[in-house]
Amino acid sequence: MSDYLNELNEGQRAAVLYNNGPSLVIAGAGSGKTRVLTYKIAWLLENGFRPWNILALTFTNKAAREMKERIALQVGEDLARRLWMGTFHSIFLRILHAEASRLGFSSQFTIYDAADSKSLLRSIIKEMGLDEKVYKPGVVQGRISNAKNHLVDPAGYAANREDHEGDCAMKMPAIRDIYHRYWNRCRQADAMDFDDLLIYTYILFRDHSEVLARYQEQFKYILVDEYQDTNFAQHSIVLQLSQSQRNVCVVGDDAQSIYSFRGADIDNILYFTKVYPETKVFKLEQNYRSTQTIVSAANSLIEKNQWQIRKEVFSEKEKGDPIGVFHAYSDVEEGDIVANKISELKRRDHYAWADFAILYRTNAQSRIFEEAMRKRGIPYHIYGGTSFYQRKEVKDVIAYFRLSINPNDEEAFKRIINYPARGIGGTTLGKMAKAANEHGTSLWAVLCEPLSYGLELNRGTTGKLQSFKELIAGFQENILQKNAYEAGMEIIQASGIAQDITQDNSPENLSRKENIDELLNGMSDFCSQRLEEGDDRIRLNDFLAEVSLLTDQDSDQDSDSDKATLMTVHSAKGLEFKNVFVVGMEEGLFPSEMSGNSPRALEEERRLFYVAITRAEEHCYLSYAKTRFRYGKMEFCRPSRFLQDIDTRFLQLPQDILTHHKIDEAAQNFRSFVRPAQLSPASTQRSLRRINQTPQNTPPASGQEASASGNKLHAGQLIEHERFGIGEVLRTEGEGENAKATIRFRNAGEKQLLLRFARFKIIV
DNA sequence: CCGATACGCATTTTT
DNA sequence: TGCGTATCGG
């Protein structure tokens, strides 16, 4: 028996060793879930299962890659490589490539990304003469995506009264027709969108029992990671595949289900035991990541949810410090406080910058923290800009690749017909699109024989179309003889892209060139890596298949450098940091106002907060601001209701709450609240609640002491500035209109303010 | 066909 | 407020 079993705790070991039918592993945050999965696979490999008999599904390429690496350490490269391990989408793509003909697709079908699919929908909406203001492509896309995630095809959608009534309620009765057209146009283009990879896999198995039987036979053991994030389609396919052998192990944590807006259905995990009544349930409750205080605080929070699988997560690490709560006067001050705290902690406890993360609910919040960090020279790194493969120049190049592999790819066609500019404009394209639609064929077919589709073009245009056609036709013939890198090189040169981006040395062009070079480098790496592994699938179509399911999260760019991390709570899932700051803890922001009064949506927000807190290993801080700029206006904010969900025994309320008390009295705008210093937990809870009852739209220090010219300031006074917070007056100079004061703010440093403009009130 | 200006609109986003 | 798209003028 392998020694690694000794590295597991009792619960983990039981989960690894059980393989007599379905099992559900409820893995609390930080409980060593990945460890269980990897050891379980290692164990299976050592006990008679062949690697190709094991199917392991994840949600991200990164998760799959990391798990593969860890398994390789246990059982060796050779075995690990032969596992069927990957994301739902990539594994199903592999299956669909092999079985495409049964579904009426070619084996080289294109994958439409979200932008392609939106653009196609936009064309369809226009063609149907519908108002784009009413039929917003994004909303329509959401409806269709949702239908597909629930395995509803266009016929099913049209037949479903509920769906249609929903559309009508949104004044979009034609969605079912759009869906129908969209479906056919994708088939016409030999293209599948991300959701199609799931629904077509389901259809394949549903309608071709011999195919299903073959895969059921092959996959003798199925494992699924992050099961709480599966949607109905994914859940259904797992059931299809596991039906006969019933060796399926799903792992997840219902408390971390935060992707319902993308179709994830928490019920899949909550009711898994209803689908397979003989399911053995394992709970991993020991947290190896965080201090006891952090774990207890998180427990006390998630307890408030009603839809969940109860569990007792505990930690045996040290007790640790309470969770610090900060409040700021403005969003800017919040940034200052957090940045200061980071500097202070680093100095005090000798942390690396990379030990810090700032987590926010929305990307829009990042800017303020960036500025605060930059001001202090703290190196940081932001997750979640436009990813590499979404950059225009990269998409353009890839569109050439796509069209060369699949000439029916309409979106690729539209993208490059006039890039680089070759004088084929909207008018011509419009004529072609009209002809293609009327004849139910592709733009490419029209391009090849413009005359037989009755296109009226002048001679110049005909010539331009002809040469574009020849360009692409040339690629189609050539590129499959070459490897991906050579093919890519040729296309970039021959298409005129290379010339277009080297025309001048403008900074944008330089960066575009860099990106294209990076793409080429990636292609070269792709080829050499596959060759090394003895895999000769290194042609352009192979590259495309891989790259279309890749996202930026996968490229671990400058992870080696020591930088603090700024990201949304969503993107922090699965990560951990020594010190975590969860910022913007305000009503309307976190929880988001979009969740309204829907209890289910609110519970998801609470789970999101749970995810945020449980990222922390040693210290966790929460902060909120009283005012915040949103949509160009200053808004008043109340602290998040979630702050009250955490047992105050685990909180360290604002240290300067005394001063705040004074301020609020002085301003007579806020009700005073009990001093927390000498309070029992219960009454502190009450005091926190009082904060929340602060009238929502109370103006701040509405002018009476504000910056009127008669206002005399003198050194030693304490003031509260609208944006910089509390500060002490160091000195004043000048008279009347030119009167200035130098003020040392607690969190914003020293500032010189022209009193005529400064917005503040005097505290003492 | 490209640039400038206007308008409208705004969570979260593993594939 | 600030960006991305829509439309118009050169």
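Letters A, B, ... mirror the listed sequences (proteins, then strands); counts begin at 1.
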Out of C:dA6, B:dT14, B:dT15, whichever nucleotide has its closest atom nearest the side chain of A:F59: B:dT14
A:K392 NZ to C:dC3 P, straight-line distance once rounded to whole Å: 19 Å
Side-chain ion pair, A:R607 and A:E604, N-O less than 4.0 Å: yes
Candidates C:dA6, B:dT15, B:dT12 - which lies nearest the side chain of A:F261: B:dT12
Touch class at under 4.0 angstrom, heavy-atom based, for A:S592 against every strand present: base
A:T87 side-chain proximity, nearest of B:dT15, B:dT14, C:dA6: B:dT15
Atom-to-atom span, OH of A:Y360 to P of B:dT11 - whole angstrom: 14 Å
Parallel, tilted or perpendicular, as decided by the 30° and 60° cut-offs, for the rings of A:H89 and A:F194: perpendicular
Whole-Å gap separating C1' (B:dT13) and CD (A:E226): 15 Å
Closest listed nucleotide, where the reference is the side chain of A:H570 and the choices are B:dT12, B:dT14, C:dA6: B:dT12
Whole-Å distance separating the CE atom of A:M192 from the P atom of B:dT15: 19 Å
Touch class at under 4.0 angstrom, heavy-atom based, for A:L93 against every strand present: nothing
Considering all heavy atoms, the nearest A:T230-A:Y227 contact: OG1-O, 2.8 Å
Where A:Y135 and A:I125 come nearest, the two heavy atoms and their spacing: O-CD1, 3.5 Å
Touch class at under 4.0 angstrom, heavy-atom based, for A:G423 against every strand present: sugar-phosphate
Atom pair distance, as rounded to whole Å: CG in A:L57 and P in B:dT14: 19 Å
Any A:R367 side-chain N or O less than 4.0 Å from OP1/OP2 of C:dG2: yes
Spacing of A:E603 atom CD relative to B:dT12 atom C1', expressed in whole Å: 18 Å
Distance below 4.0 Å between A:N363 side-chain N/O and B:dT13 OP1 or OP2: yes
Sugar-phosphate, base or nothing in reach of A:E604, heavy atoms under 4.0 Å: nothing
Centroid-centroid under 6.0 Å between A:W183 and A:Y200 rings: yes
Out of B:dC2, C:dA6, B:dT14, whichever nucleotide has its closest atom nearest the side chain of A:A421: B:dC2
Any N/O donor-acceptor pair, A:R262 side-chain to B:dT12 base, under 3.5 Å: no
For the student: nearest non-hydrogen atoms of A:N515 and A:E393, plus distance: ND2-OE2, 2.7 Å
Closest to the A:Y631 side chain, choosing from B:dT13, B:dT15, C:dT1: C:dT1
Side-chain N,O (A:T568) to OP1/OP2 (B:dT13) below 4.0 Å: yes
Side chain to side chain donor-acceptor pair (under 3.5 Å) between A:T87 and A:S90, worked out: CA-CA 5 Å; A:T87 63; A:S90 68; 3.0 Å; yes
A:T362 side-chain proximity, nearest of B:dT14, B:dA10, B:dT12: B:dT12
Contact nearer the 5' end of DNA chain B, comparing A:M594 with A:R422: A:R422
Interatomic distance, A:Q234 CD vs B:dT15 P [rounded to whole Å]: 12 Å
P spacing across the pair B:dT12 / C:dT5, given as an integer number of angstrom: 16 Å
Distance below 4.0 Å between A:S571 side-chain N/O and B:dT14 OP1 or OP2: no
Between C1' of B:dT15 and CZ of A:F88, the distance in whole Å: 11 Å
5'-most by nearest nucleotide on DNA chain B - A:T427 or A:L608: A:T427
